[in-house]
Chemist: 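I have a structure here, written as structure tokens, and I will follow up with some questions on it.
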Number of protein chains: 2
Amino acid sequence: MNIGDVSRLSGLPAKTIRYYEDIGLVEPLRSSNGYRAFRESDLHKLAFLGRARSLGFTIDDCRNLLKLYEDRDRASADVRQIALGHLDRIDEKLAELAAMRETLSHLVEACAGDHRPDCPILADLAAEEGERPVEKHRTARNAH
Amino acid sequence: MNIGDVSRLSGLPAKTIRYYEDIGLVEPLRSSNGYRAFRESDLHKLAFLGRARSLGFTIDDCRNLLKLYEDRDRASADVRQIALGHLDRIDEKLAELAAMRETLSHLVEACAGDHRPDCPILADLAAEEGERPVEKHRTARNAH
DNA sequence: AGTAATGGTTCCACCCACTGGAAGGTCAAG
DNA sequence: CTTGACCTTCCAGTGGGTGGAACCATTACT
């Protein structure tokens with residue numbers, strides 16, 4: 001299989017597949033003309049990667065998951081651990097976004113959105129600390 | 001004010017402030033010794049930027065918000081437009097993350113997490129299209 | 001006067017996970 | 001024999017910073 005075939009079958013852009021080879025996630029063979037020659041197992045790996053990435057696992061997670069995927073004797077607890085860690089990250093992100101949404105939607109509601117120059121959104125962004133109504137997620141600013 | 005002062009007062013790292021100067025968000029003066037000399041107005045801008053960024057506005061959004069912030073005659077509708085656009089992005093992100101969370105938490109629940117090598121998480125990631133239970137967010141994979 | 005601590009400066013490289021594009025080689029069809 | 005689809009490599013850029021090296025300025029303490 002050439003890269004175009006695995007791209008269609010896996011749903012990953014060819015560029016991404018080359019990149020995955022670059023960083024050592026797949027190691028396709030080479031044909032005599034220099035083209036990458038993908039085996040069935042490479043396709044499986046790439047499809048696996050596509051699904052894991054679409055679930056938001058980092059490349060590093062994927063590397064570990066792939067190792068476990070290829071290890072016949074792995075313990076399911078290891079995989080569960082990675083998934084649980086990822087679930088925590090998702091929950092953090094969700095909470096952060098929900099807090100942003102809260103604040104921002106309040107501001108948008110308060111804004112007339114007409115031709116007058118008064119705008120509570122800008123007023124809030126410009127306000128000194130302590131002048132704003134309580135906003136829980138402000139603490140998230142330095143939590144990067 | 002030197003960069004350390006505005007850093008402390010705005011809560012932004014000095015590196016970030018230099019970066020913001022680089023990309024033209026602030027234009028501090030210079031002292032005779034080459035140090036950046038920040039005015040009160042620069043500090044206000046930086047604090048404004050910090051708050052807008054903490055709400056998840058992109059740098060480009062910030063650039064526009066700053067322009068409006070400095071324009072005495074702007075219409076509040078313009079600001080509202082930017083905020084509404086951002087709110088949409090937040091909602092999309094939220095939906096995507098919630099769908100991921102759903103799928104992943106189902107998988108984690110189904111996984112025994114013991115010493116046996118059977119793992120429904122890996123099984124799902126490896127499954128062919130159509131072999132998996134319905135998962136709404138799969139469509140989000142190409143929606144980047 | 002020396003020196004150490006604590007600022008400040010520039011510049012260059014790196015992070016993640018790709019993506020775009022240029023310049024060129026290969027292959028099947030008409 | 002050319003057209004067009006496909007493949008190759010390599011270099012650069014994205015966003016939003018962050019880390020570090022190498023060096024200058026200021027202040028405080030001996």
Side-chain angles (χ1 to χ4, degrees), chain A residues 1-38 42 45-46 48-66 86 89 93 96 100 140-144, chain B residues 1-38 42 45-46 48-66 86 89 93 96 100 140-144:
Chain A
M1 272 182 297
N2 286 344
I3 202 166
D5 305 319
V6 277
S7 172
R8 266 180 298 279
L9 289 169
S10 69
L12 294 170
K15 278 262 177 191
T16 301
I17 296 172
R18 290 196 195 98
Y19 171 70
Y20 285 173
E21 185 189 14
D22 240 44
I23 62 174
L25 288 178
V26 279
E27 292 180 329
L29 306 172
R30 293 290 175 142
S31 309
S32 52
N33 59 8
Y35 287 16
R36 286 169 185 80
F38 294 86
D42 295 318
K45 268 199 205 180
L46 288 168
F48 181 98
L49 285 169
R51 291 191 201 104
R53 290 288 300 131
S54 85
L55 279 173
F57 285 101
T58 64
I59 289 287
D60 217 53
D61 282 340
C62 288
R63 212 181 286 275
N64 291 322
L65 287 171
L66 261 188
H86 183 38
R89 293 200 302 271
K93 265 271 173 207
E96 200 176 330
M100 282 185 201
R141 201 187 317 177
N142 292 351
H144 192 52
Chain B
M1 272 182 294
N2 285 346
I3 200 166
D5 305 318
V6 275
S7 171
R8 265 180 299 279
L9 290 169
S10 69
L12 295 170
K15 280 259 175 193
T16 302
I17 296 172
R18 292 196 194 97
Y19 171 69
Y20 285 173
E21 185 189 17
D22 239 44
I23 62 174
L25 287 178
V26 278
E27 293 180 328
L29 305 173
R30 293 291 176 143
S31 310
S32 52
N33 58 7
Y35 287 17
R36 286 169 186 79
F38 294 86
D42 294 318
K45 269 199 202 179
L46 287 169
F48 181 98
L49 285 169
R51 292 193 199 102
R53 292 287 300 132
S54 86
L55 280 174
F57 285 101
T58 64
I59 290 287
D60 217 56
D61 282 340
C62 289
R63 213 182 286 277
N64 291 321
L65 287 170
L66 261 189
H86 183 39
R89 293 200 303 270
K93 265 271 173 208
E96 200 176 330
M100 281 187 204
R141 201 186 316 176
N142 293 352
H144 194 51

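Numbered from 1 within each chain, the chains take letters A, B, ... in sequence-line order.
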Chemist: Check this one for me: any side-chain N or O of A:T16 less than 4.0 Å away from OP1 or OP2 of C:dA17?
Modeler: no
Chemist: With side chains defined as the heavy atoms from C-beta onward, is the minimum distance between B:R36 and B:R18 less than 4.5 Å?
Modeler: yes
Chemist: Please work out if A:N2 contacts a base, only the sugar-phosphate, or nothing of the nucleic acid, heavy-atom cut-off 4.0 Å.
Modeler: sugar-phosphate
Chemist: Calculate the interatomic distance between B:I59 atom CD1 and D:dT18 atom P; express it in whole Å.
Modeler: 11 Å
Chemist: Heavy atoms, side chains only, cut-off 4.5 Å: are B:L25 and B:Y19 in contact?
Modeler: no
Chemist: Quickly, which of A:H86, A:R89, A:R53 forms a side chain to side chain donor-acceptor pair (under 3.5 Å) with A:D61? Name it, please.
Modeler: A:R89
Chemist: Expressed as a whole number of angstroms, how long is the span from B:I17:CD1 to D:dG16:P?
Modeler: 17 Å
Chemist: Assign each of B:E21 and A:D60 to its nearest nucleotide of DNA chain C by heavy atoms, then name whichever residue's nucleotide is nearer the 5' end.
Modeler: B:E21
Chemist: Using salt bridge (charged side-chain N to carboxylate O under 4.0 Å, His left out), reason through A:K45 and A:D42 one step at a time and then give a plain yes or no.
Modeler: CA-CA 5 Å; A:K45 268 199 205 180; A:D42 295 318; 5.3 Å; no
Chemist: Could you tell me the separation between the CD atom of A:E21 and the CD1 atom of A:I23, rounded to the nearest 0.5 Å?
Modeler: 11.0 Å
Chemist: Taking C-beta and beyond as the side chain, do A:L66 and A:F48 meet within less than 4.5 Å on heavy atoms?
Modeler: yes
Chemist: Distance from A:E96 atom CD to B:S54 atom OG, nearest 0.5 Å?
Modeler: 9.5 Å
Chemist: With sequence neighbours left out, write down each residue that passes side chain to side chain contact (heavy atoms under 4.5 Å, CB included) with B:S32, or none if nothing qualifies.
Modeler: none
Chemist: A:I3 has an atom CD1; how far is it from atom P of C:dC18, in whole Å?
Modeler: 14 Å
Chemist: Check the distance between D:dA5's P and A:D5's CG and give it to me in whole angstrom.
Modeler: 16 Å
Chemist: Counting C-beta onward and ignoring hydrogens, is there a side-chain heavy-atom pair between A:L46 and A:L9 closer than 4.5 Å?
Modeler: no
Chemist: Grab the CZ-P distance between B:R53 and D:dG17 for me, whole Å please.
Modeler: 4 Å
Chemist: Taking OP1 and OP2 of D:dT9, is either one under 4.0 Å from a side-chain nitrogen or oxygen of A:R36?
Modeler: yes
Chemist: Using atom CZ of B:F38 as one end and atom P of C:dG7 as the other, report the distance to the nearest whole Å.
Modeler: 16 Å
Chemist: Using whole Å, report how far OH of B:Y19 lies from P of C:dC11.
Modeler: 17 Å
Chemist: Assign a letter to each nucleotide of nucleotides 21-30 of chain C from its 5' end: B, base within under 4.0 Å of a protein heavy atom; S, sugar-phosphate only; -, no contact.
Modeler: B---BBS---
Chemist: Looking at A:Y20, does any N or O in its side chain come under 4.0 Å of the phosphate oxygens OP1/OP2 on C:dC18?
Modeler: yes
Chemist: Under 3.5 Å, side chain of A:N2 to main-chain N/O of A:G4, donor-acceptor pair present?
Modeler: no
Chemist: At 10 degrees resolution, what angle do the end axes of the helix from C:dA1-D:dT30 to C:dG30-D:dC1 form when each is taken over five base pairs?
Modeler: 30°
Chemist: Roughly, in whole Å, what's the span from CG in A:L12 to P in C:dA17?
Modeler: 14 Å
Chemist: Which part of the nucleic acid does B:R18 contact within heavy-atom distance under 4.0 Å: base, sugar-phosphate only, or nothing?
Modeler: base
Chemist: At under 4.0 Å, does any side-chain N or O of B:T58 touch on OP1 or OP2 of D:dG16?
Modeler: no
Chemist: D:dC7 phosphate, OP1 or OP2: any side-chain N/O from A:R30 under 4.0 angstrom?
Modeler: no
